Asker: 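Take this structure first; my questions come after.
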Amino acid sequence: MIRILLADDHALVRRGVRLILDGEPDLTVVAEAGDGAEAVELARARDVDLAVLDIAMPRQTGLQAARELSRRLPGLRTLVLTMYDNEQYFFEALRAGASGYVLKSVADRDLVEACRAAMRDEPFVYPGAERALVRSYLERLRRGDDLPARAVTEREEEILKLVAEGHTSKEIAELLFISAKTVERHRANLLQKLGMRDRLELTRYAIRAGLIEP
């Protein structure tokens with residue numbers, strides 16, 4: 001069961017959102033807050049997995065609360081729920097550590113899936129925001145700005161692919177004309193970078209990344 005903290009300064013909105021969430025077998029609202037500061041206090045006091053935060057709230061906004069929760073409770077997932085279809089707010093929410101950005105106008109359609117995606121550590125992006133992301137990426141390319149660093153280097157990606165295909169360190173070393181010791185070092189770096197423990201998890205990651213066929 002995913003335990004949810006719901007924060008919105010309108011009791012009527014909270015009631016409607018709670019009906020959506022509590023109607024699902026794997027979701028339950030265990031706490032409600034009327035502003036961002038109260039949301040932070042409740043999240044620290046209660047056992048919650050996910051905070052759903054409105055942007056515009058008194059005392060502390062949802063974005064401010066998300067930033068503070070990200071610092072204080074890094075294991076807690078957050079979602080921003082808002083009436084604003086606004087690119088700037090969307091990017092601010094991502095910078096604040098939110099897993100997704102859900103419009104209130106389509107909450108009955110998107111919110112449940114966004115909650116589940118957040119708990120799977122997957123970002124939830126609504127269609128309008130996808131366009132904004134692509135537009136921002138193309139703008140950065142046009143201006144010649146630096147793009148976000150890759151999660152893994154090209155060499156690490158080569159080794160990841162070969163590990164996932166079942167090759168031993170010795171075989172990989174021969175294929176890439178490097179030493180087996182270098183392969184082991186790259187492999188250890190991959191496990192550390194990606195927060196993984198073994199070949200099986202690396203293989204799953206390689207499948208998700210499209211490096212090998214499932």
Side-chain angles (χ1 to χ4, degrees), residues 1-3 24-27 49-51 66 69-71 73-80 90-91 93-102 109-214:
M1 184 67 75
I2 300 169
R3 301 176 300 271
E24 298 297 316
D26 56 334
L27 307 176
D49 305 303
L50 173 68
L69 289 171
S70 180
R71 285 196 307 270
L73 300 168
L76 177 70
R77 276 71 165 189
T78 58
L79 284 175
V80 168
F90 166 68
F91 286 117
L94 294 186
R95 273 193 282 270
S99 296
Y101 189 93
V102 182
R109 185 193 72 199
D110 289 350
L111 184 57
V112 168
E113 178 50 37
C115 290
R116 291 174 180 150
M119 296 311 297
R120 293 193 302 266
D121 274 335
E122 296 173 5
F124 180 87
V125 182
Y126 72 98
E130 287 176 356
R131 288 191 293 274
L133 278 171
V134 172
R135 193 158 48 240
S136 171
Y137 180 86
L138 293 174
E139 269 293 304
R140 292 173 76 169
L141 278 180
R142 187 181 60 77
R143 292 196 306 264
D145 293 350
D146 290 337
L147 295 173
R150 298 178 58 171
V152 298
T153 66
E154 287 184 22
R155 176 61 93 188
E156 286 169 344
E157 189 176 274
E158 285 179 320
I159 289 169
L160 170 61
K161 178 173 168 51
L162 293 167
V163 167
E165 288 173 349
H167 294 282
T168 65
S169 293
K170 184 173 181 294
E171 289 169 341
I172 294 170
E174 289 170 357
L175 286 165
L176 298 180
F177 304 102
I178 56 178
S179 71
K181 194 173 179 180
T182 300
V183 173
E184 288 299 325
R185 191 175 70 247
H186 280 305
R187 187 171 171 167
N189 287 342
L190 278 166
L191 290 170
Q192 185 178 13
K193 269 187 183 182
L194 301 173
M196 294 174 181
R197 293 166 298 184
D198 53 32
R199 166 179 272 176
L200 181 59
E201 291 189 342
L202 284 176
T203 302
R204 287 177 180 149
Y205 177 88
I207 291 169
R208 288 199 305 273
L211 296 177
I212 63 170
E213 291 289 330

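Computation of the quantities below employed the complete heavy-atom set of this structure, encompassing side-chain atoms and omitting hydrogens, waters and symmetry-equivalent molecules. Since we're looking at a predicted model, the values are computed, not measured.
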Asker: Considering only heavy atoms from C-beta outward, does the side chain of L162 approach that of L176 to under 4.5 Å?
Answerer: yes
Asker: Compare every heavy atom of T78 with every heavy atom of G97, then report the nearest pair and how far apart it is.
Answerer: O-OG1, 3.6 Å
Asker: Could you tell me whether R120 and E113 make a salt bridge, using a distance below 4.0 angstrom between a side-chain N and a carboxylate O?
Answerer: yes
Asker: Go through the steps for E24 and R116 under the test side-chain contact (heavy atoms from CB on, under 4.5 Å), then give the verdict.
Answerer: CA-CA 11 Å; E24 298 297 316; R116 291 174 180 150; 2.8 Å; yes
Asker: How far apart are the closest heavy atoms of A206 and A164, and which atoms are they?
Answerer: CB-CB, 3.6 Å
Asker: Would the distance check show the side chain of D198 and the main-chain N or O of E201 forming a donor-acceptor pair, the cut-off being under 3.5 Å?
Answerer: yes
Asker: Rounded at 0.5 Å granularity, tell me how far SG in C115 sits from CG in D110.
Answerer: 11.0 Å
Asker: Is it true that E157 and K161 make a salt bridge, defined as a side-chain N closer than 4.0 Å to a carboxylate O?
Answerer: no
Asker: Looking at R199, is its backbone amide N or carbonyl O close enough to the side chain of T203 to form a donor-acceptor pair, meaning the two atoms are under 3.5 Å apart?
Answerer: yes
Asker: Roughly how far, to the nearest 0.5 Å, is the CD atom of E184 from the CD1 atom of I159?
Answerer: 9.5 Å
Asker: Nearest 0.5 angstrom please: L79 CG to L111 CG, how far?
Answerer: 7.0 Å
Asker: Shortest non-hydrogen contact from L50 to L76?
Answerer: N-CD1, 3.5 Å
